[in-house]
Amino acid sequence: MYLLEVMKNALVGDKHTLAVQLMRKPWECDKALLKTHFSTTFAKQFIKLQKQCKGLLKQVKKRRLFSIDFKGLGVRAVSFLPDGQMGNLDIMAYHFVEQFAGQAREDLAEIKVSFDDFSESNQTAFVALYAFSHIGVFLLASLVVPRSSDLSYGFTSDSKIMQAYRLYWFGHQWAEQSNFSDMFMRDMIFEVAEKHFGTIERAACQRFPLFTMLVESSLDKFVSIHPDFAHLLENKDQPNYQAMYRKAELIVFLYLKSHKETRNMKMEHFNPLLGSGLPHEYDLKIFEAAGFTSEELETLLRESATAGAGDALITWSKDGKIRIGNINLKYAFNVYLKSIMTNMPTRGDWFDKSYIPAYFAKRVKSRRFAYGEGITPSNKAEGKYDVDAIVADLDAERIYLCQVKHRVTTLHPYLRDELNEFSNNGALLKALGQLEGARQQLQSEKFLEKVKGSLARGKTPKEFLDKVNQDFLKRRTGLIVLHTIENLDFAMKDGIVFYEWNTFRGLLKGETSMFSDSGPQKAKIDIGPIALDDPITLSEKLMQWHGQQSNDNPLHPERQWAISMNSSFQIVPVWSARLFGKEIGSWRGKSLQYPLL
């Protein structure tokens, strides 16, 4: 089982209704449902915050003789280490606050209200409400349960639910390895550029090799269009690809340019409530020095002006300069290249019919795996199915039938977006249906012939093909959806496994990124013949393997999992009493405490 599948199955009826209300615009939550599903203390505190936030949204505020107002929020995160000591995890607490502020910013923007126009104390009122909402969803799904005190919660003792959560956690941890790789790469490129060219502008203008490498690897990694295979695109899509490549260069330049400021931001000055703007402005001449035109910059500014809340890459400052946003490179690529990709009519077919087979053949040569092209029914009598690629696992003696989906829209790293994507994404649901149709054909003689024929044309060893009969196909076939959604890595649904494309090809190559004090490097994975359609066992083995490597890896999975399982996130609301608008006293409200989910 997988966490999102557990939650989807648990959140039914009015639990589903309440969960949706908690995840989107929680100030509108039904009070009766809150009182039905939560403890009296939890519901009372939630409604108190809800009332405060709703009051902030009123156009006209009544002047009152006496009032109780939200003043601020104390935030803390700690881990309880094996030796009995407590470890400070305040950076994780800031991350949580940043996530809650991001969701509030999005939801308020939908009703034409700017989160950034509120005072900091009023912003934290929304953060507190979203913190209660976050734990509320997990309470409804039974992942966490009450402890002894009123607002203290811990993990459930249900081993199956915790296994589902660990798999979900591992998929995100695996993605974090990739994000760290990006940051190490940016550090290295920035330093080399300044050393050899003096400025990053000169380096970008001359398209020095490391700059070009970052552009092309980012196109490959974030939108799954590797320049080495772009020639396979149909002629009608070639102009759009060239435009996409050019815009990718501009995005990478902005990413590198903002490096010095983001690197030098001290934690004591970091405010997780802030949106996309960084405290630094740039003259327009830097873009010309980097080889970009005013038209290209203006196009990006227009697109930023219509981007979602928190997604703007660049904006005008009041002084007529450019402010560069602090958003993830992956999101920048997805947000700003989406319009071009949606105008490439054959891109989807290119990805699953041309790119994937070509990549397997040229880039993933392995003694363990062999590859076959996709298969489809010849007529209606053969049923409904669609297999885009077939992988023979010679070591595990399994066959993987793969469906491929190339998604271009962004997915924010919020539980609500992940759960909606998992439950309702049309392309993924279609992929599941196509593989389910293939599963129903596993006892078909015709289907067996097609699978063996595909693998034979892919030069699968004869000794393996000789083992493949209908019993083999029935017992040793796994179903896998390959996609471009980082948040749904190592996921499972109805017995079908989801892998992000970068992860899957890394598993086929038997390699991953490793980190130490000396920086990132590629390492060969030795996990034995574990089946790729068994992500639970595979993730456990990967965690063990990482644990046997260098101990200075900042993302050591077993260590991070132990911290996660023994962590506590705490918020303490602070309220004040006012008379004639003047504060006459303040006090700490009830503390809310739960694991770092």
Side-chain angles (χ1 to χ4, degrees), residues 182 185-186 189-190 193 200-259 276 278 282 284-308 310-316 322-348 350-351 355 406-411 484 486 502:
D182 295 338
M185 184 66 70
R186 180 172 71 169
I189 293 175
F190 188 88
I200 193 67
E201 288 91 336
R202 291 196 193 98
C205 188
Q206 295 184 40
R207 300 301 185 263
F208 82 113
L210 285 177
F211 178 85
T212 299
M213 179 274 295
L214 184 57
V215 171
E216 295 188 347
S217 65
S218 297
L219 282 167
D220 178 31
K221 185 175 184 179
F222 301 137
V223 298
S224 297
I225 299 183
H226 194 296
D228 286 357
F229 301 98
H231 67 280
L232 298 174
L233 286 164
E234 290 194 15
N235 289 336
K236 67 180 75 174
D237 282 337
Q238 289 293 340
N240 277 319
Y241 170 73
Q242 296 302 323
M244 181 167 59
Y245 190 100
R246 179 63 177 171
K247 186 180 281 189
E249 290 182 319
L250 177 53
I251 292 171
V252 166
F253 167 69
L254 292 168
Y255 180 68
L256 291 169
K257 185 63 184 175
S258 69
H259 168 66
S276 62
L278 285 173
Y282 299 90
L284 299 181
K285 63 183 180 182
I286 70 164
F287 299 95
E288 180 180 349
F292 298 102
T293 67
S294 58
E295 290 78 9
E296 290 173 317
L297 185 60
E298 288 168 2
T299 297
L300 208 60
L301 282 162
R302 285 196 301 271
E303 292 174 344
S304 285
T306 60
D311 277 345
L313 181 60
I314 57 174
T315 60
W316 285 110
I322 298 295
R323 294 174 67 88
I324 300 179
N326 182 23
I327 65 173
N328 181 284
L329 183 59
K330 176 183 174 69
Y331 283 113
F333 265 66
N334 282 320
V335 168
Y336 290 92
L337 300 183
K338 176 185 173 182
S339 61
I340 299 177
M341 288 195 291
T342 54
N343 287 321
M344 297 172 70
T346 65
R347 173 188 48 79
W350 165 84
F351 185 68
Y355 174 52
H406 191 240
R407 186 183 189 277
V408 299
T409 53
T410 56
L411 178 62
T484 54
E486 184 178 75
N502 292 308

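Nothing fancy with the numbering, it's 1 onward along the sequence. Only heavy atoms go into these numbers, but all of them, side chains included; no hydrogens, no water, no symmetry mates.
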K.L.:
For T212, which residues count as a side chain to side chain donor-acceptor pair (under 3.5 Å) partner, sequence neighbours excluded?
P.N.:
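For T212, no residue satisfies side chain to side chain donor-acceptor pair (under 3.5 Å) once neighbours in sequence are set aside.
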K.L.:
Could you grab the distance from atom NZ of K247 to atom CD1 of I340, nearest 0.5 Å is fine?
P.N.:
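With rounding to 0.5 Å, NZ (K247) is 4.5 Å from CD1 (I340).
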K.L.:
Specify the closest pair of heavy atoms between A193 and I200, including all atoms of both residues, with the distance to one decimal.
P.N.:
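Nearest pair, atom of A193 first, then I200: CB-CD1, 3.5 Å.
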K.L.:
Give me the atom names and distance for the closest heavy-atom approach of L337 to A248.
P.N.:
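Taking every non-hydrogen atom into account, CD2-N, 4.4 Å.
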K.L.:
Taking only residues two or more places apart in sequence or in another chain, which ones pass side chain to side chain donor-acceptor pair (under 3.5 Å) with N343?
P.N.:
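For N343, no residue satisfies side chain to side chain donor-acceptor pair (under 3.5 Å) once neighbours in sequence are set aside.
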K.L.:
Mark yes or no for whether Q238, through its side chain, and A230, through its backbone, hold a donor-acceptor pair below 3.5 Å.
P.N.:
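Answer holds: yes.
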K.L.:
Just so I know, are the side chains of L301 and I314 near enough to count as touching, which here means a heavy-atom distance under 4.5 Å?
P.N.:
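Yes, their side chains come closer than 4.5 Å.
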K.L.:
What's the shortest heavy-atom distance between Y241 and L233, and which atoms?
P.N.:
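Reported closest heavy-atom pair: CB-CD1, 3.9 Å.
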K.L.:
Enumerate the residue pairs fulfilling side chain to side chain donor-acceptor pair (under 3.5 Å) with a member in residues 219-232, sequence neighbours excluded, ordered by first and then second residue.
P.N.:
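Sorted pair list: S178-K221, D182-K221, D220-Y355, D220-R505, H226-R363, D228-R363.
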K.L.:
Quick one: list whatever passes side chain to side chain contact (heavy atoms under 4.5 Å, CB included) with L284, sequence neighbours left out.
P.N.:
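Here the qualifying residues are L297, W316, I322.
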K.L.:
Apply ring pair (Phe, Tyr, Trp, His ring centres under 6.0 Å) to F208 and list each qualifying residue two or more places apart in sequence or on a separate chain.
P.N.:
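Here the qualifying residues are F197.
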K.L.:
Taking the side chain as everything from C-beta on, heavy atoms only, tell me whether L254 gets closer than 4.5 Å to F287.
P.N.:
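Counting from C-beta outward, L254 and F287 do come under 4.5 Å.
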K.L.:
Give the minimum heavy-atom separation between M341 and I225, together with the two atoms involved.
P.N.:
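Shortest heavy-atom separation between M341 and I225 comes out as SD-CD1, 4.4 Å.
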K.L.:
Please enumerate all residues that pass side chain to side chain donor-acceptor pair (under 3.5 Å) together with R207, with sequence neighbours excluded.
P.N.:
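R207 satisfies side chain to side chain donor-acceptor pair (under 3.5 Å) with E249 once adjacent residues are dropped.
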K.L.:
For residues M244 and L219, report the shortest heavy-atom separation together with the two atoms involved.
P.N.:
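Closest approach of M244 to L219, heavy atoms only: CG-CD2, 4.1 Å.
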K.L.:
Kindly indicate, with the supporting measurements, whether the criterion side-chain contact (heavy atoms from CB on, under 4.5 Å) is fulfilled by M213 and I189.
P.N.:
CA-CA 10 Å; M213 179 274 295; I189 293 175; 4.2 Å; yes
K.L.:
Please report the shortest heavy-atom distance between S339 and E303, naming the atom on each side.
P.N.:
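Taking S339 first and E303 second, the nearest heavy atoms are OG-OE2, 4.0 Å.
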K.L.:
What distance do L250 atom CG and T293 atom OG1 have between them, rounded to the nearest 0.5 Å?
P.N.:
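The distance works out to 9.0 Å.
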K.L.:
Applying ring pair (Phe, Tyr, Trp, His ring centres under 6.0 Å), name anything that partners Y245, two or more places apart in sequence or on another chain.
P.N.:
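Expected list: none.
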K.L.:
Closer than 3.5 angstrom, by distance alone: can the side chain of Y336 be matched with the main-chain N or O of L313 as a donor-acceptor pair?
P.N.:
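It does hold such a pair.
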K.L.:
Can you measure from CZ (F292) to OG1 (T299) and round to the nearest 0.5 angstrom?
P.N.:
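Going from CZ on F292 over to OG1 on T299, the span is 13.0 Å.
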K.L.:
According to ring pair (Phe, Tyr, Trp, His ring centres under 6.0 Å), who are the partners of F211, at least two apart in sequence or on a separate chain?
P.N.:
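Partners of F211 by the ring pair (Phe, Tyr, Trp, His ring centres under 6.0 Å) criterion come out as none, since no residue qualifies.
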K.L.:
Can you list the residues that meet the side chain to side chain donor-acceptor pair (under 3.5 Å) rule with E288, with sequence neighbours excluded?
P.N.:
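Counting only residues at least two positions away or on another chain, E288 forms no side chain to side chain donor-acceptor pair (under 3.5 Å).
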K.L.:
Among residues at least two apart in sequence or on other chains, which ones pass side chain to side chain contact (heavy atoms under 4.5 Å, CB included) with E298?
P.N.:
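With neighbours one apart ignored, the set is S294, R302.
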K.L.:
In chain order, what residues pass the side chain to side chain contact (heavy atoms under 4.5 Å, CB included) check against E234, with sequence neighbours excluded?
P.N.:
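Applying side chain to side chain contact (heavy atoms under 4.5 Å, CB included) to E234 gives K236, T346.
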